[in-house]
Chemist: 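Submitted below is the structure of interest, expressed as structure tokens.
Basis for what follows: all heavy atoms, side chains included, without hydrogens, waters or symmetry-related copies. Start at 1 and go down the list; that is how both ligands and their atoms are numbered.
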Amino acid sequence: MSRRFPKGFLWGCATAAYQIEGAPAADGKGPSIWDRYAHIPGMMANSDTGDMACDHYHLFREDIALMQQLGMQAYRFSLSWARILPEGTGRINAAGLQFYSDLIDELLAHGIEPMVTLFHWDLPAALDDRGGWLNRDSADWFAEYARVAFGAFDGRVKKWITINEPWVVSDGGYLRGTIAPGHRNRFEAPIASHNLMRAHGAAVKAYRETGRHEIGLAVNIEPKYAASATPEDMAATHRASAYMNEQYLDSALLGRYPPALREIFGPAWPDWPETDFDLIRQPLDFIGINYYTRAVVRHDAADDLLKAAAVRQPGALYTETNWEVFPQGLADTLLWVRQRYGDISLYITENGAAFPDPPTATHGQVHDPHRVDYLHTHLLALHEAIAKGVDVRGYMAWSFMDNLEWSLGYAKRFGLVHVNFETQARTPKDSARFYSQVIASHGECLGESPDTT
Ligand code: BGC
């Protein structure tokens, strides 16, 4: 079977501002919640912070030249809200806008299409002081910021993403405290989710006033498979999927939440004003799917939220972040999205894996056979879903280069390009070379075994 991808299919890679930029106070940037959180003792592995990260703020021209050498056709990155609006609303920082303007121009000069995420977790600290995502006004704050970005860049930017992974912000930031702002409050999590979705809707609505291109939402979908056919395990699987997957896509695309959320959150689940769903459910041009792994789920009475637990799969390969490598889950996810939500255009906006790569390159090389295999098998699964008729328009590998894996620090390496964090030297790994061949052959080479020698 030919592995060629559809005409116009876009091959690229992805990053996010706080994970790569560094320069946290340069040229008038305001602090974000991550600038604060990373400096609280005990929050970050190895006391790492994003203060330097990949120093992309200063090295973006070199990074873009490397992307071009590798054949990237698109680059998904996020804007730091606090670089553009240091207090989150009101005063615009011209130097912050200029940085992104230069970045976009540089991409276009290298024939690389920008795909811009407005919010990838680094909320301006000044807005956190006003309650952050718990404040209903956050939808207006976000729409104000989005308008500034659309006004400055729409035209040069043709693909916009409002919010990256609202589930992670709510679950990690407000329920479990594993990422900024580090709250642990069951009553806050649904409110944060709901306001993130209202903010998404408000930004899309604002885009329709002036925007001329495409806008969508990026969600992390982790398909849930029942560990057994018992009613208990099936019900636990249903809850886990409602919480992580349907909570966001049902509200954005169907204008409602899955009923299981009331059961899951109990008294912490509010009654939402019905009119909120008119705001949340906006016509979208595409959905961005971030896929990393699956979960096999069983009933677990000891789990206090979902009454569910993930079952480790004997014999399976797990990544450095303890995620099972399960390529078929990508095809299953894409088919599930089409079956549940209809024929909407999709992009894979993230897919990748952390493996224990060497900390330094040897003779200009970094061998990462597991990542080559991960890419290869996931791209085959993606091809399978496309062959079955799912409208997937592009694939953004996570990540262009090794970077700050949030609270897990720099030790978890997801990059196609190796970064030496002492010297900032970049070295394309074997996976980058493999991906270059995939792009050059438009997928054709996926039919052959990758050469990882
Ligand atoms: C996020 C990225 C993160 C990646 C790997 C996604 O949840 O959008 O920022 O680095 O997964 O954990």
Side-chain angles (χ1 to χ4, degrees), residues 12-22 32-34 37-38 44-45 48-50 53-54 56 75-81 115-123 161-176 178-180 193 196 200 216-223 243-245 247-249 287-295 318-326 329-330 333 347-357 368 370-371 374-375 378 395-417 419 421 431:
C13 56
T15 64
Y18 187 70
Q19 294 180 274
I20 63 163
E21 284 180 359
S32 82
I33 55 172
W34 273 95
Y37 182 87
M44 304 288 287
D48 288 342
T49 74
C54 308
H56 178 75
Y75 174 46
R76 172 180 178 232
F77 61 97
S78 77
L79 308 181
S80 153
W81 185 343
M115 178 185 256
V116 172
T117 307
L118 289 168
F119 180 71
H120 200 128
W121 309 356
D122 47 352
L123 188 74
I161 290 169
T162 54
I163 285 171
N164 181 69
E165 301 185 347
W167 179 81
V168 176
V169 178
S170 168
D171 182 83
Y174 290 88
L175 181 74
R176 301 186 200 277
T178 51
I179 61 167
S193 285
L196 281 155
H200 155 77
L217 169 74
V219 288
N220 55 300
I221 299 293
E222 187 180 283
Y243 175 54
M244 193 163 172
N245 302 331
Q247 177 165 196
Y248 303 94
L249 286 182
I287 292 287
I289 303 287
N290 297 353
Y291 175 82
Y292 288 93
T293 189
R294 70 155 170 184
Y318 281 79
T319 70
E320 282 275 275
T321 48
N322 233 333
W323 296 340
E324 185 196 353
V325 176
F326 191 70
L330 175 57
T333 291
Y347 284 88
I348 304 303
T349 35
E350 288 180 28
N351 175 236
F355 289 112
D357 302 330
D368 59 341
H370 286 312
R371 191 172 294 100
Y374 184 100
L375 258 176
H378 284 75
Y395 175 88
M396 306 297 132
W398 185 271
S399 177
F400 168 61
M401 58 185 159
D402 295 335
N403 57 46
L404 181 81
E405 178 53 18
W406 305 107
S407 328
L408 302 179
Y410 294 104
K412 307 289 181 220
R413 293 175 175 269
F414 278 83
L416 300 176
V417 171
V419 176
F421 292 105
S431 55

Chemist: Return the residue, atom name and 0.1 Å-rounded distance of the protein heavy atom closest to atom 4 (C) of ligand 1.
Modeler: Tyr292 OH, 3.3 Å

Chemist: Examine Trp398 against ligand 1 and note whether any of their N/O atoms are separated by less than 3.5 Å.
Modeler: yes

Chemist: For a side-chain hydrogen bond (donor to acceptor under 3.5 Å, both in side chains) check, start with the C-alpha distance between Ser193 and Tyr248, then their side-chain angles and the critical distance, and finish with the verdict.
Modeler: CA-CA 8 Å; Ser193 285; Tyr248 303 94; 2.6 Å; yes

Chemist: Are Tyr292 and Glu350 close enough that a side-chain donor and a side-chain acceptor fall under 3.5 Å?
Modeler: yes

Chemist: So which heavy atom in the protein is nearest atom 7 (O) of ligand 1, and how far is it from that ligand atom?
Modeler: Glu165 OE1, 2.5 Å

Chemist: Side chain or backbone of Trp323 under 4.0 Å from ligand 1, or both, or neither, by non-hydrogen atoms?
Modeler: side chain

Chemist: Measure the shortest side-chain to side-chain distance between Pro223 and Tyr291 over non-hydrogen atoms and say whether it is less than 4.5 angstrom.
Modeler: yes

Chemist: Give the atoms of ligand 1, by number and element, whose distance to some non-hydrogen atom of His120 is under 4.0 Å.
Modeler: 1 (C), 2 (C), 8 (O), 9 (O)

Chemist: Does some non-hydrogen atom of Asn220 fall short of 4.0 Å from ligand 1?
Modeler: no

Chemist: Please state which protein non-hydrogen atom is closest to atom 1 (C) of ligand 1 and give its distance, to 0.1 Å?
Modeler: Glu350 OE1, 3.2 Å

Chemist: Could you list the atoms of ligand 1 found under 4.0 angstrom from a heavy atom of Glu405?
Modeler: 3 (C), 5 (C), 10 (O), 12 (O)

Chemist: Look at the aromatic rings of Trp398 and His120 and report parallel, tilted or perpendicular, splitting at 30° and 60°.
Modeler: parallel

Chemist: Are Tyr37 and Ser32 packed together at the side-chain level, in the sense that at least one heavy-atom pair is separated by less than 4.5 angstrom?
Modeler: no

Chemist: As an exercise, identify every atom of ligand 1 less than 4.0 angstrom from a heavy atom of Asn164.
Modeler: 8 (O)

Chemist: Considering only heavy atoms from C-beta outward, does the side chain of Phe355 approach that of Ser431 to under 4.5 Å?
Modeler: no

Chemist: Do Phe414 and Asn403 have side chains that approach each other closer than 4.5 Å (heavy atoms only, starting at C-beta)?
Modeler: no

Chemist: Just to check, does Lys412 reach to within less than 4.0 Å of ligand 1 when the distance is taken from its heavy atoms?
Modeler: no

Chemist: For residues Tyr410 and Leu404, determine if any side-chain heavy atom of one lies less than 4.5 Å from a side-chain heavy atom of the other.
Modeler: yes

Chemist: Just which atoms of ligand 1 are under 4.0 Å from any heavy atom in Phe414?
Modeler: 5 (C), 12 (O)

Chemist: Quick one: does ligand 1 sit under 4.0 Å from the side chain of Asn403, the backbone, both or neither, non-hydrogen atoms only?
Modeler: neither

